[in-house]
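Shown next, in structure tokens, is the structure this report addresses.
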2 protein chains.
Amino acid sequence: MEKQSVTIYDVAEQAGVSMATVSRVVNGNPNVKAATRKKVMKVIEDLDYRPNAVARGLASKRTTTVGVILPDINNAFFASLSTGINDIALMYHYDILLATAEGEKDRDVSVFQSMLAKQVDGIIYLGNEISLALRQEIERTNTPVVLAGTQLEDTSCASVNIDHEAAVYDAVSYLAERHEKIALITGPLTEYINGHDLLLGYKKALKDHERAYSEAYIFESHYTLKAGEQLAERLHNSGVTAAFVADDLLAVGILNGLQDQGYHLPEDMELISADNTIYTDMVRPKISSIQHPLYDIGAVAMRLLTKMMHNEEIEDKNIILPYSLRFKGTTK
Amino acid sequence: MEKQSVTIYDVAEQAGVSMATVSRVVNGNPNVKAATRKKVMKVIEDLDYRPNAVARGLASKRTTTVGVILPDINNAFFASLSTGINDIALMYHYDILLATAEGEKDRDVSVFQSMLAKQVDGIIYLGNEISLALRQEIERTNTPVVLAGTQLEDTSCASVNIDHEAAVYDAVSYLAERHEKIALITGPLTEYINGHDLLLGYKKALKDHERAYSEAYIFESHYTLKAGEQLAERLHNSGVTAAFVADDLLAVGILNGLQDQGYHLPEDMELISADNTIYTDMVRPKISSIQHPLYDIGAVAMRLLTKMMHNEEIEDKNIILPYSLRFKGTTK
DNA sequence: CTGAAAGCGCTAACAC
DNA sequence: GTGTTAGCGCTTTCAG
């Protein structure tokens with residue numbers, strides 16, 4: 001084991017300077033004579049010195065690491081967000097400590113605490129929901145936190161978001177021009193977004209277009225292919241002729257379920273889904289969808305976080321990004 | 001800013017014991033009298049003491065963090081692998097430092113080095129390819145590294161893998177029972193797996209079934225929907241009546257491209273794809289596919305890594321996991 | 001079972 | 001410009 005790793009002290013000795021000088025060179029501090037710098041660099045090269053980031057973190061109280069908490073990697077929605085985060089993090093030279101928050105209860109809190117223990121410089125939390133316990137943790141810490149894609153009534157915590165209510169409103173309004181009975185198909189209604197934002201936008205759109213609201217048109221499901229396929233028949237039997245689906249994967253399931261039973265879209269049913277992920281382009285007809293700027297949400301969230309970590313001035317810490325509607329094959 | 005974080009020293013003082021004892025309590029060291037432990041725990045609770053993992057890492061030389069390097073988060077293939085890694089990491093209480101290796105040249109090496117600098121206890125590298133430069137880095141370090149889903153001729157580095165050659169052989173053999181002209185559709189042939197393993201298995205299957213090999217049946221493409229759609233026409237015109245496609249997304253594109261032009265599967269063309277990701281179940285007909293145990297690869301890789309990190313005995317450090325064929329709608 | 005003390009490798013005043 | 005000197009918060013011998 002020739003792994004007696006070389007330290008800043010070894011470099012200093014070999015170069016005939018002090019540790020402080022080596023540190024300056026390593027950190028690009030300009031207060032070093034060019035000749036000295038060159039000499040030190042040479043030794044660093046020769047000895048193949050690699051600074052220990054842990055020691056540096058302890059001494060400087062900054063780890064250049066940010067924590068990212070998300071519900072599930074296996075989800076194109078969050079993967080897109082992550083990509084935005086990753087690109088900006090790279091740009092600002094932050095590494096990413098990643099963790100998933102799903103699983104047993106309070107996993108989110110323990111994950112959050114574990115990240116604080118590792119002294120991350122900031123945390124981005126992705127997810128539809130945020131528990132009360134976690135909210136309290138966020139308030140307790142001084143570590144900057146940005147919520148991305150997470151709805152929150154109070155605006156005390158920095159966030160980057162989508163206006164779900166307005167998006168649903170637009171989508172349902174579009175459908176209401178031609179349909180009487182329009183379904184709202186969501187995930188668990190106990191989740192804030194499904195039960196609140198979406199429902200609000202949906203009801204408002206119905207009202208503004210003088211369409212009747214009925215609980216029979218609300219379908220609570222899960223974000224899986226299978227759930228969609230199973231729901232299809234029931235959906236059609238309910239008499240609705242159009243639907244807004246809160247998740248792309250679920251929408252694909254519904255589309256397939258309907259088609260497997262011989263129905264045609266958009267003739268028999270108009271469909272608008274939620275995220276315009278690649279899923280919507282993989283099926284035929286392609287699914288019309290709201291397009292949220294997923295990548296941008298991640299990128300903007302990370303950018304916001306860097307500002308907070310560097311104590312820069314922030315004009316607005318609750319950002320709402322615009323969306324658009326993509327009309328493809330499942331709408332007329 | 002009431003953030004003068006409480007240290008182990010504060011706890012020791014308040015509890016009237018030494019730092020060492022607090023450390024023992026925190027680390028579950030049994031050599032502490034029950035009464036003392038209780039007293040210390042109480043103070044920890046009262047002061048809301050949270051150990052600083054960075055300091056701990058510096059002192060103990062273990063960070064309980066593993067690095068995971070992958071090409072792209074936006075890829076169901078790697079997302080599945082990551083899930084396996086994540087679950088096992090969680091089980092062994094390791095956190096994950098995640099980084100993507102795509103982008104400019106030698107990004108893989110700089111990412112790798114950056115992880116070493118952060119003193120990760122081990123690294124898992126996911127990806128089809130591995131550069132020579134990175135290979136050298138891996139050899140230089142004492143930090144355990146496991147390659148997952150990465151082909152490598154020499155077996156010096158621990159790895160968990162798929163037998164691509166055999167899988168392709170089986171798939172093509174199956175098609176060869178009914179077809180004369182069978183295409184091989186891959187990503188860039190410069191990549192080891194595409195240009196070597198797949199090609200070998202493909203040729204062997206053709207030979208064993210006395211089917212002619214022709215370069216005209218080899219299609220080099222990219223792993224995107226669009227590439228597949230664009231390839232469809234050309235594929236059909238080439239005269240082949242069956243194809244093995246090395247990537248699911250690409251396969252979906254081809255399926256759609258063919259169907260958009262009025263062809264029917266499997267009548268006009270039999271298709272077998274590579275990874276049996278959810279994509280293959282989202283389209284109609286569902287795509288027949290090789291099923292690699294993606295989750296398991298990740299899980300086994302992480303398990304292997306834990307063994308290496310804990311210096312446990314390892315029977316075989318080059319693991320090959322079995323695959324199976326899933327016959328769905330694009331084969332007869 | 002518990003305490004004292006020596007670092008882990010680096011940064012950050014503060015002198016010179 | 002450069003060196004000196006304290007720590008950062010914790011683990012870990014080594015005594016007792």
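Excluded from the calculations below are hydrogen atoms, water molecules and symmetry mates; all remaining heavy atoms, backbone and side chain alike, are included. Chain naming here is simple, since letters A, B, ... match the order of the sequence lines and numbering starts at 1 in each.
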Integer-rounded Å distance: dC8(D) P and Arg56(B) CZ: 18 Å
Rounded interatomic separation in angstrom, taking CG from Asn31(A) and C1' from dC14(C): 14 Å
Shortest side-chain distance from Asn52(B), nucleotide among dT2(D), dC10(D), dC10(C): dC10(D)
Most 5' of Ala55(A) and Thr21(B) on DNA chain C, judged by nearest nucleotide: Thr21(B)
Of the listed nucleotides dC10(C), dG9(D), dT2(C), the one nearest the side chain of Thr7(A): dC10(C)
Whole-Å distance separating the CG atom of Asn29(A) from the C1' atom of dC10(C): 15 Å
Length of the CG-C1' vector between Asp10(B) and dC10(D), whole Å: 13 Å
Gap between atoms NZ and P, on Lys118(B) and dC10(C) respectively (whole Å): 15 Å
Contact check, side chains of Leu98(B) and Leu97(A), non-hydrogen atoms, under 4.5 Å: no
Under-4.0 Å side-chain N/O to phosphate OP1/OP2 contact, Lys61(A) with dA12(C): no
Touch class at under 4.0 angstrom, heavy-atom based, for Val26(A) against every strand present: nothing
Listed nucleotide nearest any side-chain atom of Ile8(B), set dT2(D), dT11(D), dC8(D): dT11(D)
Salt-bridge present (Lys38(B), Glu45(B); N to O < 4.0 Å): no
Salt-bridge present (Lys317(A), Glu312(A); N to O < 4.0 Å): no
Upstream residue (5' side of DNA chain C) when Leu58(B) and Ala34(B) are each assigned their closest nucleotide: Ala34(B)
Leu70(B) vs Ser82(B) side-chain heavy atoms within contact, under 4.5 Å: yes
Any donor-acceptor pair under 3.5 Å from Asp10(B) side chain to Thr7(B) backbone: yes
Between N or O atoms, less than 3.5 Å apart, protein on one side and nucleotides 12-16 of chain D on the other: list the pairs.
none

Whole-Å distance separating the NZ atom of Lys39(A) from the C1' atom of dG1(D): 12 Å
Interatomic distance where CD belongs to Gln119(B) and P belongs to dC8(C) [whole Å]: 14 Å
Over 12 non-hydrogen atoms of neighbours within 6.0 angstrom of CE in Met309(B): yes
Sugar-phosphate only, base, or nothing, as touched by Val54(B) at under 4.0 Å among non-hydrogen atoms: nothing
N/O (side chain, Tyr49(B)) to phosphate O (OP1/OP2, dC10(D)) under 4.0 Å: yes
Separation of Tyr94(B) OH from Ile124(B) CD1 (nearest 0.5 Å): 11.0 Å
